[in-house]
Enquirer: 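The following block contains the structure, expressed as structure tokens.
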Amino acid sequence: MNIVIVSTPAHAERLAARIVADRVAKEPSLVLGCATGGTMEGVYDALVTMATAEAVDFSRVRTFNLDEYVGVATDDERSYYHYMNERFFSRVNLDPANCHVPDGSAPDPEAEAAAFEAKIAKAGGVGLQLLGIGNNGHIGFNEPLSSFASRTRVQPLAPRTREQNAPHFGGDPAAVPATALTMGVGTILESKEALLVATGAHKANILATTLEGPITGVVTATALHLHPDCTVIADEAAAAGLALTDFYRATAAAHPRLGRYEHLFD
Ligand code: PGA
């Protein structure tokens, strides 16, 4: 696990975007695992700005999103497909045929989950997986006690998640779908590289628990300690609960791949 502490959310967004853009330049047919949520909005904005300024070519990139609400159709503005299309897909030269988000309106959600997992496998697995982290430690919609071996499936949402996402459903947690399709923890762990972005003081507790606490099924994100190449980008506020910050700063600056981004840390 590599931990990079940067000064502000804007620094975190620019660094994440830089890492993605550089990977796409190096690997034009990259399989990019996409995340949604408030944190990622700024990451996509930074990535689109970079892609426009530098003519980053996404024409051969394949994308797979982490999750979608069951019962919410692609053209519903509350869907993650809509979020992705508005914030990223339509703003760069991605081929819509290469952009995959689980279909929340599929008549058989379990079959949709299995088909989505098969599509990821057919693409050769995810090369670079973007991740946010929920206040309860979920990655994707893998709520507490999701098996670390789980695959794409239907997952009931935790009450806390439905509260967190209620603003997108008129402010009423009961209006948030009770289940979602999510990539599994096992699927995420098989990505070649994972990049988790956490910003803001409200993420300080869960980040400290995840990074410096024990690996436990109760906090799904702790599974990332089992990932062979996971980087966490945290702004100062999200990193405020961490004990080993001097160590993280020293190792990030000296890291063979991340160290060259040191000018973007603050
Ligand atoms: P957030 O969501 O970026 O809106 O905090 C992250 C998540 O729940 O995965």
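Numbering starts at 1 and runs along the sequence shown. Predicted model only: the values in this text are computed from it and were never measured.
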Enquirer: State, yes or no, whether a side-chain contact exists between V126 and I120 at a heavy-atom distance under 4.5 Å.
Expert: yes
Enquirer: Tell me whether N205 at atom CG has more than 12 heavy atoms from other residues, nucleotides or ligands lying less than 6.0 Å away.
Expert: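 No, not enclosed.
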Enquirer: Which residue pairs pass the ring pair (Phe, Tyr, Trp, His ring centres under 6.0 Å) test with at least one member in residues 51-71, sequence neighbours excluded?
Expert: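 Of all non-adjacent pairs touching residues 51-71, those that pass ring pair (Phe, Tyr, Trp, His ring centres under 6.0 Å) are F58-F88, F64-H100, F64-F116, Y69-Y80, Y69-F141, Y69-F169.
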Enquirer: Please assess R153 against S146 for the test side-chain hydrogen bond (donor to acceptor under 3.5 Å, both in side chains), listing each intermediate value before the final yes or no.
Expert: CA-CA 11 Å; R153 68 195 188 288; S146 290; 3.0 Å; yes
Enquirer: Are M40 and L30 grouped together when hydrophobic residues (ILVMFWY) are joined by side-chain heavy atoms under 4.5 angstrom apart?
Expert: yes
Enquirer: Find the distance between NZ (K119) and CD (E112) and round it off to the nearest 0.5 Å.
Expert: 5.5 Å
Enquirer: Answer yes when R249 and E236 have at least one side-chain N-carboxylate O distance shorter than 4.0 Å, and no when they do not.
Expert: yes
Enquirer: Taking only residues two or more places apart in sequence or in another chain, which ones pass ring pair (Phe, Tyr, Trp, His ring centres under 6.0 Å) with F247?
Expert: none
Enquirer: In Å and rounded to the nearest 0.5 Å, what is the OG1 to CD distance from T152 to E110?
Expert: 11.0 Å
Enquirer: Quick one: closest heavy-atom pair of T199 and D235, and the distance?
Expert: CA-OD1, 3.3 Å
Enquirer: Cluster question for you: counting only ILVMFWY and a side-chain heavy-atom cut-off of under 4.5 Å, with indirect links fine, are L189 and I215 together?
Expert: yes
Enquirer: Please report the closest heavy-atom contact between N65 and M183, naming both atoms and the distance.
Expert: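 The pair with the smallest heavy-atom distance is O-CE, 3.6 Å.
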Enquirer: Share the residues that join V154 in a hydrophobic cluster, the rule being Ile, Leu, Val, Met, Phe, Trp or Tyr side chains under 4.5 Å apart at the heavy-atom level.
Expert: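 Traced through the cluster, V154 reaches V70, L181.
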Enquirer: What residue pairs, at least two apart or across chains, pass salt bridge (charged side-chain N to carboxylate O under 4.0 Å, His left out) with a residue in residues 180-199?
Expert: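 Non-adjacent pairs meeting salt bridge (charged side-chain N to carboxylate O under 4.0 Å, His left out): R23-E193, R151-E190, E193-R257.
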Enquirer: For A208, check side chain to side chain contact (heavy atoms under 4.5 Å, CB included) against everything at least two apart and list the hits.
Expert: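 A208 satisfies side chain to side chain contact (heavy atoms under 4.5 Å, CB included) with L242 once adjacent residues are dropped.
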Enquirer: Could you go step by step and tell me if T251 and N2 meet the side-chain contact (heavy atoms from CB on, under 4.5 Å) rule?
Expert: CA-CA 8 Å; T251 49; N2 311 301; over 6 Å; no
Enquirer: Considering only heavy atoms from C-beta outward, does the side chain of V4 approach that of V232 to under 4.5 Å?
Expert: no
Enquirer: Ring pair (Phe, Tyr, Trp, His ring centres under 6.0 Å) with F89: which residues, sequence neighbours excluded?
Expert: Y81
Enquirer: So, does S150 use its side chain to make a donor-acceptor pair with the main chain of V185 at under 3.5 Å?
Expert: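 Confirmed, S150 side chain pairs with V185 backbone.
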Enquirer: Same cluster or not: are L207 and V43 linked, directly or through other Ile, Leu, Val, Met, Phe, Trp or Tyr residues, by side-chain heavy atoms under 4.5 angstrom apart?
Expert: no
Enquirer: Do V20 and L196 sit in one hydrophobic cluster, given that two such residues count as connected whenever their side-chain heavy atoms are within less than 4.5 Å of each other, even indirectly?
Expert: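 Different clusters.
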Enquirer: Do L94 and V61 make a side-chain contact, defined as non-hydrogen atoms from C-beta onward lying under 4.5 Å apart?
Expert: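 Yes, their side chains come closer than 4.5 Å.
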Enquirer: Measure the CG-CD1 distance between L130 and I139 for me, rounded to the nearest 0.5 Å.
Expert: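 It is 13.0 Å, given to the nearest 0.5 Å.
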Enquirer: Shortest non-hydrogen contact from A35 to G132?
Expert: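 Looks like CB-N, 4.1 Å.
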Enquirer: Measure the shortest side-chain to side-chain distance between L244 and I3 over non-hydrogen atoms and say whether it is less than 4.5 angstrom.
Expert: no
Enquirer: Just by modelled atom types, is the V176 backbone N or O under 3.5 Å from a matching donor or acceptor in the R162 side chain?
Expert: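 At least one qualifying donor-acceptor pair exists.
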Enquirer: Testing the basics here: between F265 and A252, what is the closest heavy-atom pair and its distance to 0.1 Å?
Expert: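 Here F265 and A252 meet closest at CE1-CB, 4.0 Å.
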Enquirer: Only counting residues at least two apart or in another chain, list the ones meeting side chain to side chain contact (heavy atoms under 4.5 Å, CB included) with R18.
Expert: A21, D22, M50, E54, Y261, L264
Enquirer: Donor-acceptor pairs under 3.5 Å, side chain of residues 5-16 to any protein atom, not counting sequence neighbours: which ones?
Expert:
| residue | atom | partner | partner atom | Å |
| --- | --- | --- | --- | --- |
| S7 | OG | H11 | ND1 | 3.4 |
| T8 | OG1 | A10 | N | 3.3 |
| T8 | OG1 | H11 | N | 3.2 |
| T8 | OG1 | H11 | ND1 | 2.6 |

Enquirer: Is any side-chain heavy atom of D103 closer than 4.5 Å to a side-chain heavy atom of E68?
Expert: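 Side chain of D103 against side chain of E68, heavy atoms only: no contact under 4.5 Å found.
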Enquirer: What distance separates C34 SG from Q129 CD, expressed to the nearest 0.5 Å?
Expert: 8.0 Å
Enquirer: Can you give me every donor-acceptor pair (side chain of residues 219-228, partner residue at least two apart or in another chain, under 3.5 Å) with its distance?
Expert:
| residue | atom | partner | partner atom | Å |
| --- | --- | --- | --- | --- |
| T220 | OG1 | N142 | O | 3.0 |
| T220 | OG1 | E143 | O | 3.1 |
| T222 | OG1 | T216 | N | 2.9 |
| T222 | OG1 | T216 | O | 2.9 |
| T222 | OG1 | V219 | O | 2.8 |
| H225 | NE2 | T210 | O | 2.8 |
| H227 | ND1 | D229 | N | 2.9 |
| H227 | ND1 | D229 | O | 3.4 |
| H227 | NE2 | S191 | O | 2.9 |
| H227 | NE2 | S191 | OG | 2.9 |

Enquirer: According to a 4.5 Å side-chain heavy-atom criterion applied to Ile, Leu, Val, Met, Phe, Trp and Tyr, with indirect links allowed, do L32 and L66 form part of one hydrophobic cluster?
Expert: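 No; tracing contacts between hydrophobic side chains, which count when under 4.5 Å, never links both residues.
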Enquirer: Heavy atoms only: give me the nearest A204-A237 pair and the separation to one decimal.
Expert: CB-O, 3.6 Å
Enquirer: Checking Q164 side chain against G134 main chain: does a donor-acceptor pair fall under 3.5 Å?
Expert: no
Enquirer: Any chance you could measure H138, atom NE2, to D67, atom CG, to the nearest 0.5 Å?
Expert: 7.5 Å
Enquirer: Please determine whether side-chain contact (heavy atoms from CB on, under 4.5 Å) holds for the pair D57 and V24, giving the CA-CA distance in whole Å, both sets of side-chain angles, and the decisive distance to 0.1 Å.
Expert: CA-CA 7 Å; D57 182 12; V24 171; 5.8 Å; no
Enquirer: Could you work out, with side chain to side chain contact (heavy atoms under 4.5 Å, CB included) as the rule, every residue matching A121, not counting sequence neighbours?
Expert: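 For A121, no residue satisfies side chain to side chain contact (heavy atoms under 4.5 Å, CB included) once neighbours in sequence are set aside.
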Enquirer: Which value, rounded to the nearest 0.5 Å, describes the distance between I133 atom CD1 and L131 atom CG?
Expert: 9.0 Å
Enquirer: So do L128 and E27 actually touch side chain to side chain, heavy atoms under 4.5 Å?
Expert: no
Enquirer: Determine whether V48 and V92 make a side-chain contact, defined as any pair of heavy atoms from C-beta on separated by less than 4.5 Å.
Expert: yes
Enquirer: Using every non-hydrogen atom in the two residues, find where K203 and A198 come nearest and quote the distance to one decimal.
Expert: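 It is CB-CB, 4.4 Å.
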Enquirer: Suppose the criterion is side-chain hydrogen bond (donor to acceptor under 3.5 Å, both in side chains): which pairs have a residue in residues 175-187, not counting sequence neighbours?
Expert: E117-T187
Enquirer: Whether the side chain of R87 engages the backbone of D45 through a donor-acceptor N/O pair (distance < 3.5 Å, no angle test) should be reported.
Expert: no
Enquirer: Tell me every residue that passes side chain to side chain contact (heavy atoms under 4.5 Å, CB included) with E77, counting only those two or more places apart in sequence or in another chain.
Expert: H82
